[in-house]
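Read the structure below first, then the notes.
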Amino acid sequence: MKITFSEKQNSTSDTLVIALSDSLKFGKQAKEINEKTGDALQKAIKTRGFKGDKNEIIAVLSPNGVKYQQIILLGLGKEKTLSELLAMSAGGSIYAGLNSVKAVNASILVENVKDEIEIAANIAYGLVLRSYRFGKYKTKEKKESLPTLKTANLVVAAKSKAEALFNKLQLIADGVFLTRDVVTEPPNLLYPESYAKRIKEELSPLGVKVTILGEKQLEKLGMGALLGVGQGSIRESQVVVMEYDGDNDSEGKPLAFVGKGVTFDTGGISIKPATGMEDMKYDMGGSAAVVGLVKALAGRKAKANVVGIVGLVENMPGHNAQRPSDVVTTMSGQTVEVLNTDAEGRLVLADILTYIQKKHEPELIVDLATLTGAITIALGEEYAGLFSNNDKLSEKLAKAGEKTGEKLWRFPMAEEYDKMLDSPIADMQNISNGRGAGSITAAQFLKRFIENDTPWAHLDIAGVAWAKKDKDACPKGATAFGVRLLEKFVADNYEK
Ligand code: BES
Ligand code: ZN
Ligand code: ZN
């Protein structure tokens, strides 16, 4: 789909969309069209009781007096609460709506709404985000099942400004799409080495320094926890570091983003049940969000210094797999009794958290991980869990979450939960003995690897990394949760 912007309606469009807030006020161009059609639009509004509610849609088919095959009225909701996020969602619904009525070339009229530039650009952004498809492995797709929409032209008075803003949003969408792509790849093709290579290919051209560490180097560094997870797999474990220095003036410490990249989680010897195990291809969703975030920031030349790190491993059973009750030594020097080989994400994160602090002394750390099934029980597919040692950082993240619709809900952390991880023979064990609070004890485990009270937040995205149903600006499947959130977090708080 191609997105364009113009001040006047495009003569080649078959479908016109008129976006209206609940004020239902027509702008100049909408008025003209209404007159030409013999008041068809106003009549439709009356007879259908159209109120301009959020995502409300009515269609006028074959209107007289104009060349359009159909005109669609789209509600944007309350004029007062109109936001970039609502516009993005509306764009997503328009994309789905236009395809369902088999539109090919559409014009979308945005006039008489406040913040016209932002609204038009974000409607276009929503169209793009919803248009994501992963068709790579389909060899006999029928034309009827493909989306019909080829072009969408945003008609808006401040055309150039809206277009410039959209161009920036498109670069963020490129990051989102990369994340969705790698999450959707099957695990026989996307495994630690192939994934690391892909990261390098995608990010190096954007001026990101990409360093790949293989098992020999990881052994030298003492990453016994991460290597223990990967030792049952025929695939070599990898750690990938991505450095993006966009703030030339600053000698400042970088912002660190850390991602769990288990390319497939069978559970290991503590093997998972067969039903639903296929979901565990998205157990690298945290790492993919970090990769997409770096792509978005580097792509739009963000003025910030960022370092991303991902731990890539495959968790398999096998003759060399680690056993429940093994003791491993982490890079931090702390030892862990591995009581359950399926609680592997925290083991991977422990070592890369230590690495990033020792080598890069970051200003703050945000990690993303599909860490616990328990978070899905608590929050479902709507919010991700937020765990942190720092109130200010939590507030900034939560705010970025509200703005982007990638929402976060903070959980408590406390010494009592920490104690549940004490082991009789090592410094800690990787699961608690007690029942309950599974997402919190996982976060407490990670906290044991944060040094000197560095501001740190952990996002448990197990429930939100994959959508079972279509959402406005995201077709079902990989959501890329975290990319838009953290892009906004960086833009709002750390760029001049
Ligand atoms: N990758 C899973 C968590 C997960 C579950 C992600 C569902 C996405 C959807 C993680 O490695 C895991 O297996 N966690 C265990 C921990 C338990 C053994 C303490 C879990 O949540 O059951
Ligand atoms: Zn697991
Ligand atoms: Zn896992």
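Indexing begins at 1, ligand by ligand and atom by atom, following the structure's order.
Remark: D342 engages K272 in a salt bridge, criterion side-chain N to carboxylate O under 4.0 Å. R235 and E193 are not joined by a salt bridge, as no carboxylate oxygen comes within less than 4.0 angstrom of a charged side-chain nitrogen. Taking the charged nitrogens against the carboxylate oxygens, K209 and D245 have no contact shorter than 4.0 Å, which rules out a salt bridge. Salt-bridge annotation for K488 and E406: absent, with no side-chain N of the basic residue lying under 4.0 Å from a carboxylate O of the acidic one. Ion pairing of K403 with D492 is present here, as a side-chain N (NZ or NE/NH1/NH2) and a carboxylate O approach within less than 4.0 Å. The pair R346-D460 does not count as a salt bridge, with every side-chain nitrogen at least 4.0 angstrom from each carboxylate oxygen. A salt bridge links R300 with E487; the closest basic N to acidic carboxylate O contact falls under 4.0 Å.
The ligand atoms of ligand 1 that sit less than 4.0 angstrom from a heavy atom of T370 are 1 (N), 2 (C), 3 (C), 6 (C). For ligand 1, the atoms sitting less than 4.0 Å from at least one non-hydrogen atom of I431 are 19 (C), numbered in the order shown with element in parentheses. The ligand atoms of ligand 1 that sit less than 4.0 angstrom from a heavy atom of D265 are 1 (N), 2 (C), 10 (C), 11 (O), 13 (O).
In terms of polar-atom proximity, N340 is not counted as a contact of ligand 1, lacking any N or O under 3.5 Å from an N or O of the ligand. Ligand 1 has an N or O atom lying under 3.5 Å from an N or O atom of K260, backbone or side chain. Close N/O approach between T372 and ligand 1 is not found [any backbone or side-chain N/O within under 3.5 Å]. Here's the thing with K272: one of its N/O atoms is less than 3.5 angstrom from an N/O atom of ligand 1.
In this structure, the protein non-hydrogen atom closest to atom 12 (C) of ligand 1 is D342 O, 3.2 Å. When only non-hydrogen protein atoms are considered, atom 10 (C) of ligand 1 lies nearest to L371 O, 3.3 Å. Nearest protein heavy-atom neighbour of atom 11 (O) of ligand 1: E344 OE1, 2.8 Å. Scanning all protein heavy atoms for the shortest distance to atom 21 (O) of ligand 1 gives G373 N, 2.7 Å. For atom 7 (C) of ligand 1, the nearest protein heavy atom (residue, atom name, distance) is M280 CE, 3.7 Å. The shortest contact between atom 16 (C) of ligand 1 and any protein heavy atom is with R346 NH2, 3.9 Å.
Aromatic ring orientation, Y355 versus H360: tilted (interplanar angle from 30° to 60°). Note on ring orientation: taking the six-membered ring where Trp is involved, the planes of W456 and H458 are parallel (angle under 30°, cut-offs 30° and 60°).
Judged by distance alone, with hydrogens and angles left aside, the side-chain atoms of T370 form no donor-acceptor pair with the main-chain N or O of G285 at under 3.5 Å.
Excluding waters, the set of protein N/O/S atoms under 2.8 Å from the Zn ion (ligand 3) reads K260 NZ, D265 OD2, D283 OD2, E344 OE2.
Between the side chains of T335 and T329, not a single donor N or O lies within less than 3.5 Å of an accepting N or O. In the model, N433 has a side-chain atom that pairs as donor or acceptor with a side-chain atom of Q429 under 3.5 Å.
Heavy atoms of W466 come nearer than 4.0 angstrom to ligand 1 in no pair at all.
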